[in-house]
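See structure below.
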Amino acid sequence: MALLEVNHLKKIYTTRFGGNQVQALTDVGFTVEQGEYVAIMGESGSGKTTLLNILASLDQPTDGEVLLNGTDIASIPDRQMSAFRRENLGFVFQDFNLLDTFSLNDNIALPLVLSRKSPKEIHQRIEPIARMLGIHDLLQKFPYEVSGGQKQRAAVARALVTNPQIVLADEPTGALDSKSTDGLLHIFEEINRRGQTILMVTHSTKAASHANRVLFIKDGVVFHQLYKGDLSNEAMFQKISDALTVLATGGKNRE
Ligand SMILES: Nc1ncnc2c1ncn2[C@@H]1O[C@H](COP(=O)(O)OP(=O)(O)OP(=O)(O)O)[C@@H](O)[C@H]1O
Ligand SMILES: [Mg+2]
């Protein structure tokens, strides 16, 4: 059984006055196996954030289903939803989403505090993750006292601290300079190597070239996918660039 199974997802946004309708997703289907690192690419407005929000059950699809370990997330009662999300999913956002009035330590601890873990267990969980991410010496600092790359590493620590089934990342390198981007991609590679399943939306060919598989979304469907296999990051980068060119030109430059 796949860890994540997405079947025939459709999302139509209706504006408040019922006037305009936007079809963000037409029929999206794919699966993610335990331990995979999958990137999703697509032009701006192609529905990537919509898809992640539905996977995170922050938004409901118009049609279709999302199964996590065989459980249809739509079947989870509302009152259990935030606990389900906290226990099974880790989130990393483009703009970090850290609380400014909390230290990095308290930001990372938050999901565990909400799950009523003991202070001792919280400390024991944060310690090795903060060390692995190289932010151990920064834990008492506040977000405004650290760099963007360090904030993002704290956000990754917060995502990992609950030991989630899958990490969902929306443009995690979007606000980072190239050095911090390299650092974050290295971290994602490392945590994936240790078994963490990752699903990452990105505009960055470089970021996507680190994943094991890349899905391309266009016109509300998964249009194409590439497997990395034994390719180097450089060779995968080239393969993704070629695919993006073909997608952008509708495949006409193939011959
Ligand atoms: N809450 C909403 N209400 C109405 N339309 C929306 C809403 N959110 C997104 N849309 C529309 O749905 C489509 C998909 O948007 P989405 O944010 O998923 O794209 P995206 O692929 O994440 O784009 P980007 O790469 O710019 O982040 C767009 O046409 C967008 O305008
Ligand atoms: Mg988006």
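One-based numbering, in listed order, for ligands and for the atoms of each.
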NZ or CZ of Lys218 within 45° of Phe223 ring axis and under 6.0 Å: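 So Lys218 does make the cation-pi contact.
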Same apolar cluster: Leu51 and Met200, side chain cutoff 4.5 Å: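 No: no chain of side-chain contacts under 4.5 Å links Leu51 to Met200.
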Amino acids in close contact with ligand 1, where any non-hydrogen atom sits under 4.0 angstrom away: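 Answer by chain and number: Tyr13, Val22, Ala24, Glu43, Ser44, Gly45, Ser46, Gly47, Lys48, Thr49, Thr50, His203.
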Salt-bridge present (Arg213, Glu36; N to O < 4.0 Å): yes
Residues Lys11, Asp63: salt bridge by 4.0 Å N-O rule: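 No, this pair does not count.
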Does any donor atom in the side chain of [X] or [Y] lie under 3.5 Å from an acceptor atom in the other side chain?
{"X": "Asp170", "Y": "Gln94", "answer": "no"}
{"X": "Glu5", "Y": "Asn7", "answer": "yes"}
{"X": "Tyr13", "Y": "Thr50", "answer": "yes"}

Atoms named by residue and atom, protein N, O or S, within reach of the Mg ion (ligand 2) (under 2.8 Å): Thr49 OG1
Give every donor-acceptor pair under 3.5 Å between a side-chain atom in residues 117-124 and any protein atom, sequence neighbours left out.
unit_1	atom_1	unit_2	atom_2	d
Ser118	OG	Glu121	N	3.1
Glu121	OE2	Arg125	NE	3.2
Glu121	OE2	Arg125	NH2	3.0

Side-chain hydrophobic cluster, 4.5 Å single linkage: members besides Leu110: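 ILVMFWY cluster around Leu110 also holds Leu99, Phe102, Leu114.
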